[in-house]
Amino acid sequence: MYRYDEFDHTIVQERVDQFRDQVSRRVSGELTEEEFRPLRLMNGLYLQLHAYMLRVAIPYGTLSSKQIRMLAHIARRYDRGYGHFTTRQNIQYNWPKLEDVPDLLADLASVEMHAIQTSGNCIRNVTADAYAGVADDELEDSRIYAEIIRQWSTLHPEFSFLPRKFKIAVSGAPTDRAAVRFHDIGLQMRQNIRGEVGFEVLVGGGQGRTPIIAETIRDFLPKQDLLSYLEAILRVYNMLGRRDNIYKARIKILVKETGRDKFAALVEEEWNRIRGGALDLHKDEINRIRSYFAPPLYELTPEPDTDYQIARRADRDFDRWCASNVVSNKQPGYGIVNISLKPAGMAPGDATADQMDVLADLAETYSFDELRVTHKQNIVLGHVRLVGLHALWQQLDAAGLATANIGLASDIIACPGLDYCNLANARSIPVAQRISERFANPDQLARIGALRINISGCINACGHHHVGDIGILGVDRRGEEFYQITLGGDPTENVAIGEVIGPAFSYDDVVDAVETIIATYETIRTIDETFAQTWRRVGVTPFKEKLYGPARH
Amino acid sequence: MALLVTNKVIKDQWHILEDDAQIDGGDNMIVSVERWQRDRDDLIACNRDLGIVLKSDQPPNLIEKDIQRFSVICLEFPKFTDGRAYSYARLLRNKYGFKGELRAVGNVLRDQLAFMLRCGIDAFEIADNVNARDWSSAFGEITVRYQGANDIANIVRPNIIPPHNDVAGNWSY
Amino acid sequence: MSKKTEQIFDTKVVTANMLLGGNVVYMATGSSWDEKLANALIIKNDDALTRLNKVAQEAVTSGIVVGPYAIAVKIGFAGPQPLSKREQIRATGPTIRADYSEQAVPNV
Ligand code: SF4
């Protein structure tokens with residue numbers, strides 16, 4: 001993975017000192033809260049419902065054991081012993097004190113981490129495929145380009161006060177695990193007819209109040225032009241994006257109001273002026289960054305994986321976990337292990353400090369010292385040898401980390417919601433907890449099959465409800481928590497935005513409603529059909545009738 | 001208002017000519033885009049040093065043909081969150097080749113000075129009572145840069161600078 | 001609406017977050033700030049609200065608290081209870097696990 005050189009260390013260290021100075025100016029009264037607020041936000045520090053919340057960047061979700069150990073230390077020392085992994089592949093701490101944050105950031109800097117640009121109207125943490133570098137279907141490791149973009153966008157002097165926040169995702173594989181169609185810019189690696197690898201550039205996707213699927217403005221962008229093209233897009237957006245209405249300030253609205261073709265023309269015009277200049281990305285530089293993401297030293301002599309096969313046959317729980325949580329690595333004899341942070345009844349994406357320490361140890365022992373955070377709020381060990389899988393699983397199990405539900409009904413995405421978030425209308429986490437308790441039976445989970453249940457506590461859609469097979473949105477009805485349900489959303493290459501199914505349900509009723517939807521699907525599915533396939537075949541009516549009774553007309 | 005230029009607070013030698021004020025023929029007038037569009041010929045006829053203010057919704061292409069007539073271009077930051085003028089500054093320097101003074105006016109905050117400087121702005125209108133030394137120190141808080149802008153010959157850190165090439169006096173890795 | 005409920009609806013307390021700690025506090029007697037809602041000063045009329053808002057603004061200026069505002073409460077057995085779900089959760093902590101709540105001893 002990427003390692004800081006002296007240069008990166010300096011920038012992060014200076015940023016810590018700068019923030020320390022800003023905090024002391026705030027405490028001394030030199031800065032008012034209005035003046036300080038944007039400064040703390042640029043360092044990922046929010047004031048939430050109960051306390052400050054610090055969002056720490058995990059570039060494209062990749063962590064070393066040393067880093068996650070530091071995250072555990074921070075949870076213990078400055079917080080309440082746990083952290084929350086987010087859909088943006090970051091981690092959030094819910095209880096830091098303002099006065100402690102400079103020290104906390106200094107601790108983070110010691111392991112090459114920071115909170116720069118995790119908030120504010122700037123280019124946020126660049127996300128990538130959580131299986132980058134190990135997926136057998138990818139063209140290239142998307143983290144190489146995510147890292148290049150991270151560097152280019154860090155403390156960018158021109159793009160730190162954009163109309164609104166700006167999110168970029170990179171996918172190196174045709175199977176889209178990075179939701180590129182729901183980002184301000186999505187970069188999808190493609191091969192052109194000459195066999196060169198470059199990017200399809202999509203812009204204007206997003207969720208929130210106005211969910212929009214990104215549109216392609218360039219079918220193929222050569223790698224060397226990546227940064228100049230991004231700069232052209234950002235410059236057009238910075239100058240023309242709406243600043244009069246916060247709900248219309250994202251680039252998706254600009255693209256929509258301008259029209260895709262005209263927007264693309266504006267970008268191309270600016271790009272033609274600046275391309276081939278200082279922003280050109282040289283092969284040498286790509287290779288330099290690539291060397292950081294070189295595959296680990298895999299064991300090449302194939303070992304008979306009979307132990308693994310025997311263990312799967314002998315141990316039903318292990319077998320089930322392998323089936324749902326392990327996918328094949330492009331290296332024969334290795335697997336990609338998904339560690340679920342969604343045990344029944346727990347807060348999705350939360351991990352205790354002790355669990356983080358366990359993850360650090362296991363990554364060290366089994367996966368070349370490297371972990372990834374997924375946008376589904378789980379953890380991935382990318383390079384696990386199948387021969388060691390059973391031992392790994394036993395240790396995970398002992399730490400409460402062996403839930404076998406990846407991609408299944410209880411693998412729920414949930415935002416912090418009204419339990420923590422200042423903007424929330426309703427709670428998300430307890431709804432997720434109740435659903436996962438209701439669907440805790442492994443046989444039942446397996447029978448239901450692939451299902452995305454996504455929950456957001458308000459229209460900002462941090463819980464990605466628009467792209468859930470079942471999306472749940474918290475709304476406020478005269479001070480009461482209600483939940484609107486959408487069906488049929490899909491963040492992948494089969495992209496779709498969920499359809500609102502009818503009137504909202506109360507806090508007490510929403511879990512029953514979800515159960516009704518799942519039961520309906522189970523009655524009308526054909527053998528082996530997933531929820532998404534059934535939905536595409538039958539549409540909304542059968543679900544609606546079961547939930548609200550037959551239509552009266 | 002005072003003016004911060006290359007780490008020093010100096011007295012502003014320019015004055016704003018209000019839209020409805022007589023063209024006084026005095027030196028160093030700064031006019032609005034509207035005034036410029038209305039009285040362009042008269043203002044040119046004065047044959048004096050001129051400046052112009054671009055409000056945050058007035059991109060440089062409005063004065064594209066006349067840019068070289070101005071000695072000072074003021075970029076307005078009505079509130080710190082309105083970052084359009086950062087792009088205007090870069091276009092003025094790079095696309096239109098403006099060599100005169102680029103001045104940030106409006107809500108100019110200490111913690112944004114370094115970004116502004118990096119985009120090619122070289123004068124900052126600030127309140128009279130600010131501590132010049134403290135504000136100037138804001139320029140040096142972050143000494144390394146990942147990307148070129150207008151401060152260091154438009155260099156992108158990763159792909160061009162060979163190690164130890166001391167372009168800006170502080171690149172070394 | 002009966003007269004009684006009208007009166008209940010009017011009752012308020014002033015809340016904020018501490019600048020340094022970020023923790024939720026309520027304005028209590030003597031312009032102090034208290035973590036316990038039970039100790040909050042109860043506001044029963046507009047004059048008192050104006051007065052306390054002013055005190056709160058002073059606490060903002062002097063860097064003690066941030067973002068003060070008044071919330072509606074009803075007076076129950078155990079003292080003031082917020083009417084909105086949001087403020088109930090703010091008063092007692094996240095509802096997701098007992099050991100995450102405000103009252104929990106920080107795990108340090
Ligand atoms: S979706 Fe709304 S409630 Fe949930 S975290 Fe985002 S802003 Fe908060």
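The basis for the numbers below is simple: all heavy atoms, side chains too, and nothing from hydrogens, waters or symmetry mates. Below, read A as the first sequence line, B as the second, and so on, with proteins coming before strands; counting in each chain starts at 1. Everything numeric here is computed off the predicted structure, so don't read it as measured data.
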Worksheet item: For the candidates B:L109, B:I142, B:T81, B:D82, which exhibits the highest count of non-hydrogen atom pairs separated by less than 4.5 Å from chain A?
Response: B:I142
Worksheet item: Is the side chain of A:H114 donor-acceptor paired with the backbone N or O of A:I116 at a distance under 3.5 Å, no angle test?
Response: yes
Response to the item:
If you tally heavy-atom pairs under 4.5 Å between each of A:Q18, A:Q13, A:R150, A:K283 and chain B, the highest tally belongs to A:Q18
Worksheet item: Does a side-chain heavy-atom distance below 4.5 Å link A:E269 with A:R273?
Response: no
Discussion item. Counting only non-hydrogen atoms closer than 4.5 Å, does B:N131 touch chain A with its backbone (N, CA, C, O), its side chain (CB onward), both, or neither?
Written reply: neither
Discussion item. Please determine whether a side-chain nitrogen of the Lys or Arg among B:K55 and B:E76 lies less than 4.0 Å from a carboxylate oxygen of the Asp or Glu.
Written reply: no
Practice prompt. Give the member of A:I274, A:L39, A:I286, A:L234 that has the highest number of heavy-atom pairs under 4.5 Å with chain B.
Written response: A:L39
Item to complete: Using the side-chain contact (heavy atoms from CB on, under 4.5 Å) rule, take B:K11 and B:L3 through it: C-alpha gap first, then chi angles, then the decisive distance, then the call.
Response: CA-CA 6 Å; B:K11 200 172 158 320; B:L3 206 58; over 6 Å; no
Response to the item:
Whatever's closer than 4.5 Å to a heavy atom in chain A on B:S87 counts as both
Worksheet, complete the sentence: Note: A:D184 and A:K167 closest approach over all heavy atoms is OD2-N, 2.7 Å
Practice prompt. Please state whether the side chain, the backbone, both or neither of A:N238 comes within less than 4.5 Å of a heavy atom of chain B.
Written response: both
Worksheet entry | A:L162, part contacting chain B, at a heavy-atom distance under 4.5 Å | backbone
Discussion item. Counting heavy-atom pairs under 4.5 Å with chain B, which one of A:R243, A:Q22, A:R15, A:H9 comes out on top?
Written reply: A:R243
Response to the item:
When the 4.5 angstrom heavy-atom criterion is applied to A:Q224 and chain B, the contacting part is neither
Worksheet item: How about A:F159 and A:F166: are their ring centroids closer than 6.0 Å?
Response: no
Worksheet, complete the sentence: Cut-off 4.5 Å, heavy atoms of chain B, and the answer for A:R164 is neither
Worksheet entry | Proximity breakdown for A:S160 and chain B, heavy-atom pairs closer than 4.5 Å | side chain
Fill in: Derivation of the side-chain hydrogen bond (donor to acceptor under 3.5 Å, both in side chains) call for A:Y60 and A:S142
CA-CA 9 Å; A:Y60 34 90; A:S142 44; over 6 Å; no
Discussion item. Testing the basics here: between B:L75 and B:A85, what is the closest heavy-atom pair and its distance to 0.1 Å?
Written reply: CD1-O, 3.7 Å
